[in-house]
Structures are given as structure tokens and as C-alpha cells.
Amino acid sequence: MNSPTIVYDLAFEHHAPGDVLGIGVPSPRLSWRIQSDAPFRQGMYQVEIVRPSSDPQTRSFTVEGDRQVLAPWPDGPLTSREWVSVRVRVRDDRGEWSRWSEPATVEAGLLEPEDWSAAFVSPDGIGGLDSPVPELLHDFHVDGPIVSARLYVTAHGVFHAAINGRPVGDSVLDPGWTSYPHRLRYRTFDVTDLIVPGENTVTSLLGNGWYRGYLKWGYQRAHYGDRLALCAQLEITAADGTRTVVATDDRWRARNSGILADDLYNGTTIDYRPTDPETAPTVPVTVVESGTERLVAPDGPAIRPVGTLPARRIWRSPSGKILIDFGQNAVGWVRLRVRGHAPGHTVTVRHAEVLEHGELGTRPLRAAKATDTYVLDGPDERTLEPMFTLHGFRYAEVTGVDDLTVSDLEFVTVGTALERTGWFDCSDERLSRLHENVVWGTRSNFIDIPTDCPQRDERLGWTGDIQVFGPTALYLFDVSGLLTGWLADLAAEQYEDGGVPHVIPNPTFHEHDPAACAWGDAATVVPWNLYLRTGDDGILKRQLPSMAAWVDRMDALAGSNHLWQGGFQFGDWLDPTAPPDEPGKAKANPDVVATGCFARCARIVADAARVTGDIATAERYGTLAEQVRQAFVDAYVDDDGHILSDAQTVYALALQWGILVDPRQREGAGRRLAELVEDSGFHVATGFIGTPLICDALTDAGYPQLAWRLLNQTECPSWLYPVTMGATTIWERWDSMLPDGSINPGEMTSFNHYSLGAVADWMHRDIAGLAPAAPGYQRIRVAPHCFEGLDYASARHDCPYGRIAVEWRRSDEGIELRVGIPVGVTAQVWLPGGDEAAEPIVVGHGEWVWHTAA
């Protein structure tokens, strides 16, 4: 007997399934997953919404259709602070209803500027640029029991709030980094359990963070302002329904804390010697500009400690320093337990990603000090941890403690608390390690925004990096909410002429970056990839003006001949043949690359407009895309498919972006690309633009074995060279570390970038064989390449509809292919060794097994 159909993982917008507190969308879209042992096709769904109030209402809404991802909110919009309970059930096309899902609650935040009675307040006379971290505080009285309490809070800077000495949550570096002049995020906390009858105290430390700390490589700070401020609104509901508001105003006070210095790049200095809070002097606060009209709720999860790594080894360096290896390059800080030291004793922790000549390799940090210092309060055991900082490292150096053991230390890993959604494994340990390096690079570089690197004096939201890495990131983790917020910042900071800053958020917002292809392309490519991987057509509708504005900027720069020529370009950045100090000097002609990007972006805008129903815009940009494509071919491609500059990247982009449509030119370009790859000895010869495309271009041109050999190269430059050198993350340069163990001499190098790890997307789709074939994975393509030398490969992905799993395994009898498909997804399957031109096997949800003799 079949088990009943179950609806589960009810979710709101791009938040994780389950209850959501403080949502900023008054009509949140709904998603759910379905489990059924029997064949099931949703033909109708019903949403039940309970709105508790003085007159509780339960309403049901029945909707025909199979939509189960980001379905429209069926009821009236939520009002500020309102919470509702929601559950869903579905009916198949035979008329049988499922069980109701478990209820999930969603509570609105403060949706309108007038909901805020709190003001931004800043301490007087303390909390300056080189002063200790200030702590703001306020006492309040509560009469009798309460039923709920919510704290809505944000800052100019970063905050750590507490009530009666207990933290309001486990997140760090709140409110994160957004385009502060346009959008300042606030957080909502349920603090009901922290309030006691009688006297209470609310406090908040204020750190520099991105608002006032050092940003970019010019060693400059206070890009957004030189004064820290807090805006907090505590709303308490008593048992009798009365509501009390405790909000920041000029009655609050401030005092210095024991955190003497804090900076994201440089680290923290903390003095643990006690100060009696009862006698510590306090100073008034001043109300500063309100800014509440810019406040927005989060679209995704907060930054949190997400795990720990044990110390692997402790030893002394050649110079006598105590070094610790945690075995993994990651982001966070060292948690260190010490004891037996006199008051005033100092302990210092320095950080680095690699060793060089047996010592910390700190040169790649550039100006970032990455150092935490602690002044101890006496011999009792104390756990040392920094605040308001993050470090990217694998190795640490500890000064001031001579008797360390591995049990005294651990690496607290920190990042945006993203749900893991994608996995890959295979019988080749080197490739599995490469993929794991991509995973760790993703974890390390989604710290509230998609960054380039997490360790040096940079850590910026480079548009070029996420433009190439988006599909891989969207497979590995649920970054949809994070990218939704980041794209809002991109649109807010886009220049009036349609140009896009090179980094988002842009701390030097008063400057105007020159338009650059591939980097500015993030305005079109990232929302399009978000749509393709999640099915969110709403993001296209919201971003379409930004997307079109970028293409209009490209069109203006190209002029009437539709060729984008001259001017500034990053080009095929970090082509391995480029000099270490001139990473933009790639073999691929920058005009060819720029015009190719122009054609691609125009086509994306046309397709996005068609999805949203904007037919006029779709036709306009479709015509432009064809004009640019034809101009590219006429100017840069000969009849046999040879392309100007004869570089791997120009062939890859022309093939993969649909620029070459003539069969003779496509065949010739594919053949020439294959020749270039063979001539290179299967060493990587592409930079930022070509690397995500090269394996797909070879595969689609009929040369998958060449892509496989390219991936398996171990000599530098190659994807596996860093693996042979012990890398645990993806490097910025193919040769960030030279074969002799010395660091690349270039001024710019990092051992934790994700960009060149974009090849993982090809590994998922072509080695394991799991590829999306329709937005949101509603249809998938299963067509693994069972390359010689591999015994098995597997991929699992938690798509919006549920878990998709593909695995193939080789034996003496042949190859076994296993595919698991959730309800709502259809798979087109090409069996290993079969004719790829033949019609696929089409199957729906369930567990499927095939055996072939291949």
C-alpha cells in the first residue's frame, strides 16, 4: 500500500523552509515540495492562512495549476508586525488531496518608514576612529508578564546587541554590508525570553565593520561616514495586549568597552581586565540623521559561526614562532583557551593562508594586519575570541603562550548561514578534492555579499567574479536570497548612463568606474542565472530596467557598427600567459571579447523580457542581439571559423554564446579550439572569461575527451596543479604558489578565490550528468560522460522541487545509471554509450535504474 502524499518544506520567498521572522515582503510567494510513492502530478493546490488577531480569521484559497515554486501570495498583503500561519495541500489530476503540510509562520517586519519611532543615536566624546568600541545602553521597566517582544535593530557600523547581558541572537557583523546610501538592512530578533518582570537593560556594542573600517586596497577608511550610530526599537506586548516601545533616543547613554580596536582587515584588540559597569563613566548620546527611509529587511540569512575545525598540528617555525595548522583554508577566527598568566599579559594571534620558507606567508595580505591581540585579566582559564573581524587563513601564529596543545585551539568557521544544496563525488580522489576546494571557496566568499577573496585588503563584491561563478554557486548552496539582495544593491548603484561599478557595494561611490565587459555583465547574467536555477521570474521583472540599462550603455559605447572597441577592459583577466603584474594582458583580443559579451547580454535581455511578458522590449533587444552577433561575425570571423587573436577564449565564447550559427563556421571554430587545446599540451590557456566556458565548448563541439584531458592535467597551469600542491581552496592565479613552494611574485595573489572553480558546473553536468533543462530544474537533462579512468561519479542537488540524484558506476558487466527525481520534475535521460542524437528516455519522479554494456 502506498504511503500518503506529503507536502513539506513550505517556504517563503528565498528564505529557508520553515518559520520566517521579520520578512520585508508584504505578499511573500510560497514554495513547497511534494513526496509521493505513487505517480503524482499536481493539478491544484490549496493554501490555508490563519491570521490571528482580535477577530481570528482562517481563509482557504484554491488554485488550479502545477506551480509549487514561488507561487503568488493568495491573500491580502501583510501589515507591519503581522504574523500568519500558513499550510498547503495539493491535489493530483485524479482529484485526490494530499495531507496538509506542517504549518509555517511568517511575520512581517517594519514595512514602512513611519513604523520606526527609533532614531539613530551616536555617543558623544567617545567611539572615535581610533577609540575603543562604544557600548550604548538603556534601562527600562516591565510591569508583569509579557507574551512577545521583538527587537528591530540596525547601525551605522556593525552591532552586537544584548538584553540583560544575554545576546539577542547568534549572528555576527550585523546588519551586514549593503549599499548604505540607498539600502541599510535591519534585523529582527525574537527577544521574548530575554525580558524579565521589573528592571531590564538593553545594550549594544558598535564596531566599525564595512561602514567605517578599512575598505579596498588604498588603506582608507570611513568611506560611508566617520560616526557610528545605533537605531534600535524594542516592542513589548503584555498579556493584556498593551504594547510598550523602547526606542533609541537622547535618553540612552554610552560607555567605552574593553574592545580597544576593531577592523575587518586588521583584527581586534581586547583588554579583558575588568571594569565595573556600575562605576564606569557614561556619556550622553546625540540623535543623528534618521535614515529610516532607507531601512530594508533581509532577503537571506545572516552571517553566523557555522562550524569549527580542530587544530591539526603545533610546532615552532625556523625563527622560533609557535605555528598552528588547521588543515583547511577557511574564514573565521581562532578560539584559544589560556590559563596561568598574570594580569596585563598579552597574547597575539596572527593569520595567513600559506607558509613560505617555514613562516607565515603574509605578503599576499598586503596591508591587512590580520592580527588579534588580547590583554589578560589574570591566571584563571579564559577563552579568547575576537569581535567585529574576520580572517581568511589556514595557519596561525600565537605569541605569548608557550605551552599550547591542540586541545586549546579551534578554528571557528564563519559565513553567511547558507543551506548546502549540491554535492559531487567520483572515484578520482584528485577531482573530488578539486570539487571540495570549490565548495570551501564558495563558503569563504559568500560573507553577506559575493566577494573575490576573504583575507587581504580587498574582500569586495567584484561583479566579474560572481558573473562567471553564479551557476556553480547556485548549485552548491542556496545563495538565492543573498543574490536577490545584492542585485538590489547593483541596481541602486548603477550609474545614470547604465554603467555598472566594478564592485557592489561600491565604497568609492563618488567615483565613476569605466564600463567593462564581463564585469558589468553581472547586471544581466546574474539575474538570468538566478532565474534559470530557481525559476524566479520575479527577479527578472524587478531587474529588467537595470539589465536593459547596461545593454544600452554597451550599445552607446559600440556605436553604429555594433562593435565595442577600445577603451578600458579587464579582458580575459588572469590569462596564464599574462605577466604577473599585468593580469589583463591576455591573448584574447579585448575588442572581440567585449563585442561577444555585448551580443550575449543583449540576447539575455530579450529572453528575460519575453519571460516577463514585455514583448516590445523582447523584440527590441532581440533585434539588437542579432545585429551585434552579425557584426561580430563579419568583423572577426572568417569563413572557416577562425576568429581574430586565435585564442581559446574567443572560440569558446563564440561557440557557447550562440554567436556562430553557420554550421561551417561552428565546425571550424570547434576544430580550431580543439587544436589549440592539444597544442597547449592540455594546459589551461584561459582567464576569467574563457575558463567557465572551455570544457563546455569542447564538449558541445564534439570533443569531450579533450575537455576531460584538460581537466586532468596536473602541471601548471591547470585545475589540478594546486591540488598537487596541497591546496584546500581555489587559488586566484593558476600559479599562486610556485612549484618550489614560494608565493607568486605578483602584487595580487590569493589562495581563496572561487572564480576559476567555475569548472565545477561542467563536472556536475557532464561528468556526473545532472543538468538543468528548464528554469528551476522543472526539467533536467541526464547525460553523463563516463570518461575512461573513472569508475563512478555522482551528483546530488536539492533543487526547488526536492532532491535530484544521479549516479553512474562501472563494473565488469557495464555501467549502471541510477537517477532519483522529485515530484514536479521531469528527466530526459541519455544512457551512457548511447546515441546522443537519439530521442531521450523521459521519466517522471521516482527512483530509476538502467544498465548498459558501455
Side-chain angles (χ1 to χ4, degrees), residues 128-131 156-158 173 176-182 207-228 261-268 331 350-353 361-371 388-392 445 447-466 486 489-490 493 495 499-516 519-520 522 568-570 573-574 579-584 688 732-733 736 743-753 755:
L129 273 172
D130 295 303
S131 302
H156 295 162
V158 288
L173 297 175
W177 191 12
T178 51
S179 174
Y180 295 138
H182 305 95
N208 292 313
W210 299 273
Y211 187 86
R212 201 178 69 168
Y214 287 98
L215 286 178
K216 299 189 81 169
W217 47 85
Y219 211 64
Q220 296 178 347
R221 55 182 171 170
H223 289 274
Y224 296 100
D226 60 6
R227 192 165 187 177
L228 302 176
D262 72 291
D263 187 76
L264 290 168
Y265 293 175
N266 294 333
T268 299
V331 172
R350 300 172 65 220
H351 309 78
E353 295 181 294
T362 57
R363 182 171 59 82
L365 299 177
R366 299 193 299 216
K369 295 184 174 73
T371 300
F388 299 142
T389 193
L390 288 175
H391 309 294
N445 283 294
I447 309 295
D448 207 46
I449 63 169
T451 60
D452 60 328
C453 62
Q455 74 300 97
R456 69 183 179 219
D457 57 345
E458 192 164 359
R459 315 183 196 186
L460 303 172
W462 280 98
T463 49
D465 295 57
I466 188 57
W486 184 80
D489 288 330
L490 186 152
E493 295 198 328
Y495 304 125
V500 178
H502 299 157
V503 297
I504 301 291
N506 180 21
T508 53
F509 48 86
H510 53 281
E511 300 174 2
H512 193 300
D513 292 336
W519 275 248
F568 173 83
Q569 295 291 353
F570 289 106
W573 188 255
L574 287 171
D581 290 322
E582 296 181 280
F688 258 45
E732 179 177 23
R733 296 176 181 267
S736 284
I743 297 170
N744 186 291
E747 184 267 344
M748 179 196 75
T749 195
S750 155
F751 294 88
N752 199 349
H753 264 59
S755 305

Note, [X] side chain near [Y] side chain (heavy atom, < 4.5 Å):
X: P505; Y: I449; value: yes
X: E732; Y: C453; value: no
X: P450; Y: W462; value: no
X: L173; Y: L390; value: yes

Applying the side-chain hydrogen bond (donor to acceptor under 3.5 Å, both in side chains) test to D457, which of R366, K216, K369 qualifies?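 Among R366, K216, K369, the one that satisfies the side-chain hydrogen bond (donor to acceptor under 3.5 Å, both in side chains) with D457 is R366.
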Rounded to the nearest 0.5 Å, what separation is found between the [atom1] atom of [X] and the [atom2] atom of [Y]?
X: L215; Y: R221; atom1: CG; atom2: CZ; value: 12.0 Å
X: T362; Y: H351; atom1: OG1; atom2: NE2; value: 12.5 Å
X: N752; Y: D452; atom1: CG; atom2: CG; value: 10.0 Å
X: W210; Y: L264; atom1: CH2; atom2: CG; value: 5.5 Å
X: L129; Y: R227; atom1: CG; atom2: CZ; value: 12.0 Å
X: S736; Y: E353; atom1: OG; atom2: CD; value: 8.5 Å

Side chains of D262 and T268 only: does a donor on one sit below 3.5 Å from an acceptor on the other?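 No.
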Decide whether D465 and S755 meet the rule of one side-chain donor and one side-chain acceptor closer than 3.5 Å.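 Side chains of D465 and S755: pair found under 3.5 Å.
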Under 3.5 Å: donor-acceptor pair, side chain of [X], backbone of [Y]:
X: Q455; Y: G392; answer: no
X: R212; Y: D226; answer: yes
X: R459; Y: R456; answer: yes
X: N208; Y: D263; answer: no
X: Y180; Y: P507; answer: no
X: E493; Y: N506; answer: yes
X: R733; Y: N744; answer: no
X: T371; Y: R350; answer: no

Over 60° means perpendicular and under 30° means parallel, so tell me whether [X] and [Y] are parallel, tilted or perpendicular.
X: H156; Y: Y211; value: parallel
X: Y224; Y: W177; value: perpendicular
X: F570; Y: H502; value: perpendicular

Apply side chain to side chain contact (heavy atoms under 4.5 Å, CB included) to the pair T749 and I743, showing each step before the final yes or no. CA-CA 8 Å; T749 195; I743 297 170; 3.8 Å; yes
Which atom names give the shortest non-hydrogen contact between [X] and [Y], and what distance separates them?
X: G461; Y: W486; value: O-CZ2, 3.8 Å
X: V331; Y: P454; value: CG2-CB, 3.3 Å
X: A367; Y: Y219; value: CB-CD1, 3.5 Å

Test V503 against W519 for side chain to side chain contact (heavy atoms under 4.5 Å, CB included), laying out the working first. CA-CA 9 Å; V503 297; W519 275 248; over 6 Å; no
Output, in order, the C-alpha distance, side-chain angles, deciding distance and verdict of side chain to side chain contact (heavy atoms under 4.5 Å, CB included) for D489 and H182. CA-CA 8 Å; D489 288 330; H182 305 95; 6.0 Å; no
In sequence, state the C-alpha distance, the side-chain angles, and the governing distance for H391 and L365, and then conclude on side chain to side chain contact (heavy atoms under 4.5 Å, CB included). CA-CA 10 Å; H391 309 294; L365 299 177; over 6 Å; no
